[in-house]
There are 2 protein chains.
Amino acid sequence: MNVVPRARSVNVLEIAKLSGSSKSAVSRVIQNQPGVAPEMRARIQHIIRAHHFQPSILGRALRGAHTGVIGVLARFMGSGFTAEVIRGIDDEVKRKGSQTMCMLAPGIDEYIRSWRTLVSGRHVDGVVLLAPPTDIFKYPVDELDKPVVLCAAEPPDKASTWKAAGSVVLDNQTAMKQMVKHLLDQGCRRLIYLAGQPDIFDCQERERVFLEAAAERKGVRASVVQGAWTRELAVSVVHGCLSARKQKPDAILCWNDYVAMGCLQALSELDIAVPEKIAVAGWDDVPGADHLDVTTIRLPMLEMGWQAARILFQKTNPGNVGLASPSHVSLQMSLQIRRTTVRRAVKSRA
Amino acid sequence: MNVVPRARSVNVLEIAKLSGSSKSAVSRVIQNQPGVAPEMRARIQHIIRAHHFQPSILGRALRGAHTGVIGVLARFMGSGFTAEVIRGIDDEVKRKGSQTMCMLAPGIDEYIRSWRTLVSGRHVDGVVLLAPPTDIFKYPVDELDKPVVLCAAEPPDKASTWKAAGSVVLDNQTAMKQMVKHLLDQGCRRLIYLAGQPDIFDCQERERVFLEAAAERKGVRASVVQGAWTRELAVSVVHGCLSARKQKPDAILCWNDYVAMGCLQALSELDIAVPEKIAVAGWDDVPGADHLDVTTIRLPMLEMGWQAARILFQKTNPGNVGLASPSHVSLQMSLQIRRTTVRRAVKSRA
DNA sequence: CTGAAAGCGCTTACAG
DNA sequence: CTGAAAGCGCTTACAG
């Protein structure tokens with residue numbers, strides 16, 4: 001196959017020739033390094049601008065230098081969560097003059113592969129792992145030479161090679177306690193939790209703290225139901241769940257808002273009054289959840305992204321000593337009380 | 001700054017040494033090219049597997065060869081549209097054994113910059129431009145050496161340098177005609193269209209075909225209202241719009257479903273019955289639109305992504321002559337009739 | 001301050 | 001079939 005002659009854009013050598021200097025000088029100017037006479041520096045800068053010259057990231061990357069590109073690895077695009085956190089990361093990355101590159105990798109094998117593509121290919125200065133599959137922690141991280149920040153996940157073993165990674169996590173425990181307290185305050189005593197996929201860190205943690213929070217109060221029955229991962233699955237799971245149990249639950253807490261929608265649909269089909277007979281709550285506060293008046297937990301998705309990018313930059317440029325800000329952040333979520341759980345007299349809706 | 005000694009992973013030269021051959025042979029094996037003795041080929045393959053060797057995309061890219069990476073440029077992550085189309089692209093790209101890299105670039109300048117990062121950096125074999133700002137067509141495309149496929153956009157001038165680009169567009173005209181016909185069938189005669197951002201191709205086109213479709217029937221008043229780009233803006237725009245007009249509209253068509261939610265909220269605050277007084281329709285069929293029972297237009301987002309990736313591969317590998325499939329595709333959308341527009345007796349909801 | 005040279009990891013004519 | 005060599009675009013010791 002003959003190689004198509006490529007419309008070559010200008011490169012360092014040409015800039016050097018045009019300015020009557022050398023590649024070295026041009027490179028130093030590009031990076032704002034000393035060692036170039038002021039007049040020559042000005043001349044080179046002029047030529048660079050005149051030709052809209054942008055140094056190739058490839059050459060730079062191959063050489064092992066900074067690329068000005070930050071990688072983000074995510075599993076799914078389906079949820080608003082991924083999209084919104086990426087937006088937060090990108091905000092902050094752009095503010096620093098860098099660019100974001102995202103890759104999608106649902107399964108653990110693809111995840112590892114994409115990670116290698118990004119990192120060992122030296123495309124990027126660092127990587128944000130966004131809600132990685134929990135199996136990721138079985139792989140060592142230290143053989144990789146680029147900084148890593150975890151988003152919505154934490155290594156199980158603090159002593160592992162992962163301890164060098166930064167992290168931004170959600171305080172699931174506090175939020176779940178608030179949620180459970182609210183449901184109990186509404187008079188609910190038989191709680192069901194429709195849990196999410198088991199290979200997601202937040203899902204695991206929420207399931208656990210749900211049971212813990214419910215166990216703190218006497219006379220409360222709490223159980224976890226698996227399999228309702230999507231809205232469609234939730235419909236049939238709720239149907240099955242309610243027909244199988246003698247004693248109906250009086251509250252169903254869902255791992256996300258879409259599942260809550262499926263739950264509401266099933267209850268509507270069964271003619272079960274919400275919230276009178278069964279209270280329903282979701283998680284995430286997706287767009288539309290307020291319009292549907294579903295009680296939920298609001299996630300600070302944008303801030304999660306900002307923090308992740310901030311920490312990554314801190315690791316990427318250790319030069320900026322200054323006031324070292326934390327590399328591990330835990331963010332609070334906020335309970336949004338709406339119609340689907342308010343059973344008491346005081347239905348205060350601001 | 002001293003360079004941290006990087007944990008070098010194995011490279012072509014090492015594989016060559018280990019197998020007792022040369023870089024050339026290894027490279028040929030990697031690419032399944034002829035010119036290597038069967039036994040040597042087997043030996044090299046064995047070593048490659050044993051060391052989990054993955055050739056660096058950088059070296060390959062720098063040399064101008066295929067990288068197995070497809071670039072996607074998008075403006076926003078906010079809407080489900082972007083996320084879902086990317087998912088479709090990624091599906092198809094993975095099926096071909098390649099990987100997807102996405103970049104976000106809201107404004108035209110960032111868009112151009114990211115495009116150059118992707119293409120002139122030779123990171124990618126080709127690029128999908130997802131709902132680009134319409135200003136993009138002012139920039140020539142032929143100086144770039146990588147294939148391009150447009151998603152949800154078409155160059156205004158078929159004779160421009162853009163004619164080499166593939167495209168997947170939505171048939172806005174047909175869908176809009178169906179929507180307007182449906183509203184007229186429901187007895188509506190005074191239509192308002194809440195239009196989207198003017199630098200988006202689909203928004204421009206839908207605005208135009210809305211007026212065309214309404215003009216086809218006598219006795220129909222149709223007007224376009226600008227500024228209701230988001231759900232929040234929609235609330236105040238609808239308030240303003242209804243207080244300003246003597247004759248109220250009897251149907252409000254919104255450029256997307258979130259805006260329709262804002263519209264419904266405003267009407268609810270004004271105690272205006274939907275659909276009896278005013279019918280409301282959205283566009284996109286986002287998750288939750290069915291639960292809210294909003295009439296809308298469903299977009300084949302996943303298929304849009306599949307098609308874009310298919311066309312791009314066709315351009316990337318012109319070798320696969322076979323049956324050349326089309327490089328320009330127009331996809332149909334489907335009208336979803338729901339509660340917010342059904343004013344006639346026959347309220348058939350399947 | 002200045003620039004020639006080596007090298008990052010690959011692929012591809014080219015000569016043997 | 002086989003391998004040495006050049007080169008993609010950059011950065012960085014190194015010598016002047």
Side-chain angles (χ1 to χ4, degrees), chain A residues 1-17 19-44 48 51 53-69 116-117 119-123 145, chain B residues 1-17 19-44 48 51 53-69 116-117 120-123 125 145:
Chain A
M1 196 195 301
N2 27 358
V3 177
V4 180
R6 57 185 65 261
R8 292 240 340 288
S9 56
V10 67
N11 62 17
V12 183
L13 181 57
E14 292 177 67
I15 298 289
K17 282 181 181 163
S19 59
S21 71
S22 68
K23 293 198 294 175
S24 318
V26 174
S27 183
R28 282 192 279 261
V29 169
I30 290 169
Q31 299 168 86
N32 275 318
Q33 279 179 4
V36 182
E39 314 82 57
M40 181 51 89
R41 184 180 295 271
R43 185 139 101 234
I44 291 175
I48 285 177
H51 289 257
F53 171 65
Q54 265 196 305
S56 157
I57 288 180
L58 252 80
R60 204 174 259 187
L62 197 54
R63 197 62 183 73
H66 275 212
T67 60
V69 179
R116 301 193 70 166
T117 299
V119 175
S120 64
R122 309 213 274 245
H123 274 79
D145 46 3
Chain B
M1 194 195 302
N2 31 358
V3 177
V4 180
R6 56 185 65 260
R8 291 240 340 288
S9 57
V10 66
N11 62 17
V12 183
L13 182 57
E14 290 177 69
I15 299 289
K17 281 181 182 160
S19 59
S21 70
S22 68
K23 293 198 294 174
S24 318
V26 173
S27 184
R28 282 193 278 261
V29 169
I30 290 169
Q31 300 168 85
N32 275 318
Q33 279 179 4
V36 182
E39 314 83 57
M40 181 52 87
R41 184 179 295 271
R43 184 137 104 235
I44 292 174
I48 285 177
H51 289 257
F53 171 65
Q54 266 196 304
S56 158
I57 288 181
L58 251 81
R60 205 175 259 188
L62 198 54
R63 196 62 182 72
H66 276 211
T67 59
V69 179
R116 300 193 71 164
T117 300
S120 64
R122 309 215 275 244
H123 275 81
D125 296 333
D145 47 3

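A note on names: the letters A, B, ... follow the listed sequences, proteins ahead of strands, and every chain is numbered from 1. Because the structure is a prediction, the values reported are computed rather than measured.
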Of the listed nucleotides ([options]), which one gets closest to any side-chain atom of [X]?
X      : options                   : answer
A37(A) : dT2(C), dC10(D), dG9(C)   : dT2(C)
Q31(A) : dT11(D), dC10(D), dG9(D)  : dT11(D)
S56(A) : dT11(D), dC10(D), dC10(C) : dC10(D)
Q33(A) : dT12(D), dT2(C), dT11(C)  : dT12(D)

Interatomic distance where [atom1] belongs to [X] and [atom2] belongs to [N] [whole Å]:
X       : N       : atom1 : atom2 : result
I57(B)  : dG9(D)  : CD1   : C1'   : 18 Å
R41(A)  : dC1(C)  : CZ    : P     : 8 Å
R60(B)  : dC8(C)  : CZ    : P     : 19 Å
L62(B)  : dT11(D) : CG    : C1'   : 13 Å
D125(B) : dC10(C) : CG    : P     : 16 Å
I30(A)  : dC10(D) : CD1   : C1'   : 8 Å
H66(A)  : dT12(D) : NE2   : C1'   : 15 Å
N11(A)  : dT11(D) : CG    : C1'   : 14 Å

Taking atom [atom1] of [X] and atom [atom2] of [Y], what is their separation to the nearest 0.5 Å?
X       : Y       : atom1 : atom2 : value
H123(B) : H123(A) : NE2   : NE2   : 3.5 Å
M40(B)  : R28(B)  : CE    : CZ    : 11.0 Å
R122(A) : T117(A) : CZ    : OG1   : 14.5 Å

Quiz prompt | Residue whose closest nucleotide on DNA chain D lies nearer the 5' end, A25(B) versus V12(A) | solution = A25(B)
Quiz prompt | Heavy-atom closest pair, residues L62(B) and L58(A) | solution = N-CD2, 3.2 Å
Quiz prompt | Of N11(A), V10(A), I15(A), the residue whose pairing with L13(A) passes side-chain contact (heavy atoms from CB on, under 4.5 Å) | solution = N11(A)
Quiz prompt | Set of side-chain hydrogen bond (donor to acceptor under 3.5 Å, both in side chains) partners for S56(A), sequence neighbours left out | solution = none
Practice problem: Output all residues satisfying side-chain hydrogen bond (donor to acceptor under 3.5 Å, both in side chains) with S22(B), sequence neighbours left out; order by chain, then residue number. | Solution: none
Self-check item: Listed once per pair and sorted, the side-chain hydrogen bond (donor to acceptor under 3.5 Å, both in side chains) pairs that draw on residues 33-43 of chain A, sequence neighbours left out
Solution: none
Self-check item: Per-nucleotide pairing state of DNA chain C [Watson-Crick or G-U, under 3.5 Å; [ ] pseudoknot-crossing; | other strand]
Solution: |||.||||||||.|||
Protein-nucleic acid N or O pairs under 3.5 Å, nucleotides 4-6 of chain C:
unit_1: dA4(C); atom_1: N6; unit_2: S24(A); atom_2: OG; d: 2.4

Quiz item: For T67(B), what residues pass the side-chain contact (heavy atoms from CB on, under 4.5 Å) criterion, not counting sequence neighbours?
Solution: I57(B), A61(B), V69(B), D125(B)
